[in-house]
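Down below is the structure, laid out as structure tokens.
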Amino acid sequence: MGFSSKLISWYAKNGRELPWRNTTNPYIIWLSEIILQQTRIEQGTPYFHNFLENFPTIEDFANADEGELLKLWQGLGYYSRARNMHKAARQIQTDFDGKFPTKYEEVIKLTGIGEYTAAAIASFSSNAAYAVLDGNVFRVLSRYFAIDTPINSTAGKKQFSEIANELLDKKHPGTYNQAIMDFGAMLCKPKNPLCEECIFRMDCRAFQTNSIQSYPVKLKKKPSRNRFFAYFIVEEDGQLLMAKRNDSDIWANMYEFPMIETEEELSISALVEHNEFKFNFPSAIIEQLNGMVKQVLSHQNIYAKFYRITNPENNVLKNSNWAFYNSENLDKLAMHKLMFTFLETFKKLP
DNA sequence: AATACGGGGCC
DNA sequence: GGCCCAGTATT
């Protein structure tokens, strides 16, 4: 038996039941695939159900506004996925007459869809013969063939893509693609793979040379940079002052308290002497509300402190990105984790 | 070709 | 603390 038929029989016995399987609806497949990019299934599944419930069809999705989508995406991370989905949904209305395409060459034109997602949608929805290449597939193939080309290099992507498409079961591309990803996730895991019960024990080059732990090879990531945020809670008549982030940085277009960023940690005495602070809050009374909060991102460490401003003067709205929100409208704003976590504890404060 | 983009789970 | 997760867009 060849690689693909062994894999597919393993999948028939051991494959997972997942909510977005057993459909050929490209909209539903798309929803699940974007949500699951760089995201664990356990983390993404509640979001999948929530989105499908709020937007049963691609038309519903296209008619939503970006803020509403970001709010539903809140907490999932990589928020450009939600903004790109919004663009893609509009593209489908204008360029595809409102009908979600299933052809690889059409699907890959949509914003937010790259080679992996195009192959997934095309193969799952219409059995088109395109091999998926995700973290699971990279790992399985690098071990099986003991390939030491870095998987995050250009050469690696090309090499693994060619092998993946050769191995693909051209008669059952959809099933094969699901199978190799399940196999990577359940058996050929990153840590502690279950080699003792693996159907490919005798064929796997890395296992045979006792070097499973050496694969896949990956180029090192560069160290994260540190950023220090001082957030200011300004409350007036039960309303909170909020700022909208711009779109050229982390957490694009999301909401948070007004803040000052510095390259080093600032004591409260240094903070009140900061020019930006004096400009925004002249003669303010400031009180630190908590210790340092650390938020780890993929390329940055954010260190945040929260301060209460009780005498902001009357010119606090000189920044056009700032506005006051009552609690009802506050609940509609999309916020990043640092913010909505703090807000939970803040609400319980006296 | 390299880097940015979140949040969470595992070791 | 580092790695990884059903990757893509931008620089």
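Every value quoted in this text rests on a predicted model; they were computed, and no experiment measured them. First the proteins, then the strands, lettered A, B, ... as listed; each starts at 1.
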Need one value for A/Ser32: base, sugar-phosphate or nothing, where a base atom within 4.0 Å counts as base even if backbone is also close, heavy atoms only.
nothing
Span that lies between the P atom of B/dG8 and that of C/dA9, in whole angstrom:
24 Å
Could you state the CG-P distance from A/Asp247 to B/dC5, rounded to the nearest angstrom?
12 Å
Closest to the A/Tyr116 side chain: C/dA6, B/dG6, B/dG7?
C/dA6
Separation of atom CD in A/Gln213 from atom C1' in C/dG2, rounded to whole Å:
17 Å
Is a donor-acceptor contact shorter than 3.5 angstrom present between the side chain of A/Tyr78 and the base of B/dG6?
yes
Of the options A/Tyr144, A/Phe160, A/Tyr215, which is the one that meets A/Phe138 in a ring-ring contact (aromatic ring centres under 6.0 Å, His included)?
A/Phe160
OP1 or OP2 of C/dC4 sitting under 4.0 Å from any side-chain N/O of A/Lys218?
yes
Below 4.0 Å: OP1/OP2 of B/dC5 and any side-chain N or O of A/Gln300
yes
Do the side-chain N or O atoms of A/Gln37 get closer than 4.0 angstrom to the phosphate oxygens (OP1, OP2) of C/dC5?
no
Applying a 4.0 Å non-hydrogen cut-off, can you work out what A/Arg21 is touching in the nucleic acid: base, sugar-phosphate, or nothing?
base
I want to check one thing: is the phosphate of B/dG7, taken as OP1 and OP2, less than 4.0 Å away from some side-chain N or O of A/Trp251?
yes
Any idea how A/Trp20 and A/Phe48 line up, ring-wise: parallel (<30°), tilted (30 to 60°), or perpendicular (>60°)?
perpendicular
For the rings on A/Tyr78 and A/Trp73, is their centre-to-centre separation under 6.0 Å?
no
Just checking A/Leu18: base, sugar-phosphate only, or nothing, at a heavy-atom cut-off of under 4.0 Å?
base
Given the rule in the side chain to side chain contact (heavy atoms under 4.5 Å, CB included) test, do A/Thr24 and A/Thr102 qualify, once you have shown the distances and angles that lead to the verdict?
CA-CA 9 Å; A/Thr24 57; A/Thr102 61; over 6 Å; no
Remember a base hit wins even if backbone is also touched, and classify A/Asn84 as base, sugar-phosphate or nothing at under 4.0 Å, heavy atoms.
sugar-phosphate
Say we look at B/dT3 and C/dA6: how far apart would their P atoms be, to the nearest angstrom?
25 Å
Quick one: label A/Arg225 by what it contacts on the DNA or RNA (base, sugar-phosphate, nothing), any heavy atom closer than 4.0 Å.
nothing
Just checking A/Ile35: base, sugar-phosphate only, or nothing, at a heavy-atom cut-off of under 4.0 Å?
nothing
Which residue, A/Met254 or A/Leu219, contacts DNA chain B at a nucleotide closer to its 5' end, judged by nearest heavy atom?
A/Leu219
Under 4.0 angstrom, heavy atoms only, what part of the nucleic acid is A/Ser153 near: base, sugar-phosphate, or nothing?
nothing
Counting only heavy atoms not in A/Gln213, do more than 12 sit closer than 6.0 Å to its CD atom?
yes
Where the side chain of A/Asn136 is concerned, which of C/dA6, B/dG7, C/dG7 is the nearest nucleotide?
C/dA6
Distance in angstrom units between A/Tyr215 OH and C/dC3 P, rounded
19 Å
Quick one: A/Ile34 CD1 to B/dG6 P, roughly how many Å, whole number?
15 Å
With hydrogens left out and only the distance checked, is there a donor-acceptor pair under 3.5 Å joining A/Thr39's side chain and the base of B/dG6?
yes
Check whether any side-chain N or O of A/Gln38 sits under 4.0 Å from OP1 or OP2 of C/dC5, and answer yes or no.
no
Considering every strand and a 4.0 Å limit on heavy-atom distances, what is the contact class for A/Gln178: base, sugar-phosphate, or nothing?
base
Only one of A/Tyr231, A/Tyr307, A/Phe306 passes ring-ring contact (aromatic ring centres under 6.0 Å, His included) with A/Phe342, and that residue is A/Phe306
With the side chain defined as heavy atoms from C-beta on, A/Lys337 is closest, among B/dC5, B/dG7, C/dA6, to B/dG7
What's A/Lys294 touching, base or sugar-phosphate or nothing? Going by heavy atoms closer than 4.0 Å.
sugar-phosphate
Kindly say if A/Arg83 contacts the phosphate of C/dA9, meaning a side-chain N or O under 4.0 Å from OP1 or OP2.
no
Whole angstrom is fine here: how far is it from CD in A/Glu256 over to P in B/dG6?
12 Å
Considering every strand and a 4.0 Å limit on heavy-atom distances, what is the contact class for A/Gly44: base, sugar-phosphate, or nothing?
nothing
Would you mind telling me which residue lines up with the more 5' stretch of DNA chain C, A/Arg40 or A/Lys87, judged by nearest nucleotide?
A/Arg40
Stepwise side chain to side chain donor-acceptor pair (under 3.5 Å) check, A/Tyr116 with A/Glu33:
CA-CA 9 Å; A/Tyr116 163 78; A/Glu33 291 300 338; 2.7 Å; yes
Which part of the nucleic acid, if any, lies within reach of A/Lys157 when heavy atoms closer than 4.0 Å are counted: base, sugar-phosphate only, or nothing?
nothing
Where the side chain of A/Asp249 is concerned, which of C/dA6, B/dC5, B/dG6 is the nearest nucleotide?
B/dC5
Quick one: does any side-chain atom of A/Asp97 pair with a main-chain N or O of A/Lys99 as donor and acceptor, under 3.5 Å?
no
Is the distance from OP1 or OP2 of C/dC3 to the nearest side-chain N or O of A/Lys220 less than 4.0 Å?
yes
So, does A/Thr154 get its side chain near the phosphate of B/dA2, meaning an N or O under 4.0 Å from OP1 or OP2?
no
Minimum-distance nucleotide to A/Thr111 side chain [options: B/dG6, C/dA9, C/dA6]
C/dA9
For the side chain of A/Pro190, starting at C-beta, report the closest nucleotide among C/dC5, C/dA6, B/dG7.
C/dC5
Is the phosphate of B/dC5, meaning OP1 or OP2, less than 4.0 Å from a side-chain N or O of A/Ser298?
no
Considering every strand and a 4.0 Å limit on heavy-atom distances, what is the contact class for A/Trp20: base, sugar-phosphate, or nothing?
base
Using the P atom as the point on both nucleotides, what is the distance between C/dT11 and B/dG6, in whole Å?
14 Å
